[in-house]
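Only one structure is covered here, and it is reproduced in the block below.
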Amino acid sequence: MTSGGRETPFFFLAYARTPEKPWVKKLFHELSHEVYERTTFPDSAAVGFMDVTGIPPGHDWREEIYWALATCRVFVPLYSPRYFTSVECGREWHAFAQRTLDHQARSPLTQSAIVPALWAPIVPSELPEVAQRIQMDHADLGDEYASEGFYTLIKNKVYQQQYVTAVQRLAQHIIRAAEASRLQSCRISDLNRPGNAFVPPQRNAPGDQRLNVIVAAPTLDRMPDGRDPSFYGTVPDDWNPFHPQTQQPIGEYAAGVARLNFYRPTLLTLEEGCDLLSAQNPAEGLGLLLVDAWAGEDAEMARRLAALDALRTEWVGTMVIWNMSDSQTQLNADRLASRLQKLLPNRLGDNRPMTPVNSARIRSPEELRTKFPGVVEHALRRYLDYAEAWPPSGDIPPRPRLLGTMSFGSDVNPEGGST
């Protein structure tokens, strides 16, 4: 594949920066040769990407790295204890994971395009959650490799044959993953600002981490008059508004986006969501309401949407899904939008500039992913206005007194004092 006139990399080697980089470069070059010889890839110099070899002179290094992450076929993280402490490595993983999440929505049964390799031994239980989800039998590359990793094999001549075998087998894994996943390239702009995939953001309470994804969509037994049933299933969770371009229900995709952003999602029907939110208890967790553009056409769903909108639950964000490639939705867009606006005036906002709108109009799975952080972070800020404070455990230390300045015997306000 090519992008912008350049051949896109077959694989991206991600590693922790250390003084041992020359050994990593040796592994990279030999792995690149193995992949090149076993494929019809046209350019031996560009078969793999490593940040010290794949950046043309005069190019912005960060843009080149994210170009490679947006276009490579396989991501090869070089596992070591130091790798999982690297912020930059965590960002690279997070950027690539966004591509795999979008691809999974279109081809949910394909093999993962992440093929880990072992640089130095690491205890499996100490892997971050994203790495624990990736299946890789390191023993398949040889017993010595599985126990020692490439770092020991590459530096000791006694392991020369074991090293060659491990490189060859890793190349085979990379090729199989590329052929099975057939991961599509994307633009750099399609990738959200990457976070650190290895370290979740600090949150204060369990409710900060939970996300109730409420799916408001018809089912096959209760379809709006004349509506195409191919987008729906027997339960609301089956709703796939971007069929046939996607094979994955939108609620399941949103749950994957939530996990990518370190939330613990739970899928709920509109009925279940209304029951949960009627208590107006933010301790139950944040919320994300996914609304089918056709939801207002059903009288019972319309009633529940209006009741939910009337609740003071500003910690619940809203996304209305519009598939404008669906001819029915396109023809009825004005009527559907007007109906939803009347049902959800608080959630969809009005034209007043000070209205706190916590909603988004979604036209593709990628748009849901890119808008998710803004909608949910807004909901989180509103959640913190209502949620019970969780102070840190332990005794509260005494506030300091000012020394060497005039004092009237009262404690100093730590926010207003100077030191």
Side-chain angles (χ1 to χ4, degrees), residues 212-229 231-232 235-242 249-251 254 267-280 282 286-364 367-368 371-372 374-376 378-379 381-383 385-386:
N212 297 299
V213 180
I214 303 167
V215 179
T219 52
L220 289 175
D221 59 339
R222 294 186 60 175
M223 296 296 301
D225 290 341
R227 178 64 173 138
D228 183 351
F231 300 99
Y232 306 96
V235 294
D237 290 358
D238 293 334
W239 172 43
N240 180 9
F242 300 106
I250 196 66
L267 287 179
L268 302 174
T269 65
L270 179 58
E271 180 178 2
E272 293 168 335
C274 286
D275 290 343
L276 179 72
L277 296 176
S278 62
Q280 296 181 282
L286 303 174
L288 178 64
L289 175 64
L290 299 179
V291 184
D292 181 13
W294 290 81
E297 299 297 290
D298 178 85
E300 179 60 21
M301 293 191 72
R303 183 188 69 79
R304 290 187 180 278
L305 286 172
L308 192 153
D309 188 70
L311 296 174
R312 190 175 179 83
T313 53
E314 297 175 16
W315 55 87
V316 179
T318 304
M319 290 183 170
V320 181
I321 313 298
W322 293 88
N323 179 5
M324 299 309 289
S325 64
D326 166 27
S327 59
Q328 279 189 330
T329 299
Q330 191 174 33
L331 289 172
N332 294 278
D334 290 342
R335 177 175 58 83
L336 297 175
S338 177
R339 177 69 170 156
L340 287 177
Q341 187 69 46
K342 292 177 181 177
L343 293 172
L344 300 168
N346 295 317
R347 297 200 159 272
L348 302 186
D350 55 25
N351 293 325
R352 293 175 297 172
M354 296 305 294
T355 300
V357 178
N358 181 19
S359 63
R361 185 183 180 103
I362 304 301
R363 299 176 181 85
S364 69
E367 193 170 20
L368 188 155
K371 290 186 176 180
F372 177 95
V375 171
V376 177
H378 186 284
R381 290 194 295 271
R382 304 305 297 157
Y383 162 86
D385 291 339
Y386 295 93

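Just so you know, residue 1 is the first one in the sequence shown, and it goes up from there.
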Are Val320 and Ser359 close enough that some pair of their side-chain heavy atoms sits under 4.5 Å apart?
no
Sorted by chain and number, sequence neighbours left out, salt bridge (Lys or Arg N to Asp or Glu O under 4.0 Å) with Asp237 holds for none
Partners meeting side chain to side chain donor-acceptor pair (under 3.5 Å) with Arg304 (sequence neighbours left out)
Glu300
Is a side-chain donor or acceptor of Gln328 paired with a backbone partner of Gly226 at a separation under 3.5 angstrom?
yes
Can you confirm whether Asp334 is buried at CG, in the sense that more than 12 heavy atoms of other residues, nucleotides or ligands lie under 6.0 Å from that atom?
no
Would you say the side-chain atoms of Glu272 pair up with the backbone N or O of Leu268, donor to acceptor, closer than 3.5 Å?
no
What pairs with Asp326 under salt bridge (Lys or Arg N to Asp or Glu O under 4.0 Å), at least two apart in sequence or on another chain?
Arg227
Name all residues meeting the side chain to side chain donor-acceptor pair (under 3.5 Å) criterion together with Glu271; count only those two or more places apart in sequence or in a different chain, and write none if there are none.
none
Quick one: does Arg347's side chain get under 4.5 Å of Leu305's, heavy atoms only?
no
Does the side chain of Thr219 reach to within under 4.5 Å of the side chain of Arg222, using non-hydrogen atoms?
yes
Ser278 side-chain N/O to Asp275 backbone N/O, donor-acceptor pair under 3.5 Å
yes
Any residue meeting side chain to side chain donor-acceptor pair (under 3.5 Å) with Trp294, in chain and number order, not counting sequence neighbours:
Thr329
Partners passing side-chain contact (heavy atoms from CB on, under 4.5 Å) against Pro249 (at least two apart in sequence or in another chain):
Glu252
Can you tell me how far the OG atom of Ser364 sits from the CD1 atom of Ile321, to the nearest 0.5 Å?
9.5 Å
Ignoring hydrogens, what is the shortest heavy-atom contact between Thr269 and Ile214? Give both atom names and the distance.
O-CG2, 3.6 Å
Minimal non-hydrogen separation, Leu277 against Val316, with atom names
CD2-CG2, 3.8 Å
Indicate the atoms forming the closest heavy-atom contact of Val215 with Gly251, along with that distance.
CG2-CA, 4.3 Å
Is a side-chain donor or acceptor of Lys371 paired with a backbone partner of Arg361 at a separation under 3.5 angstrom?
yes
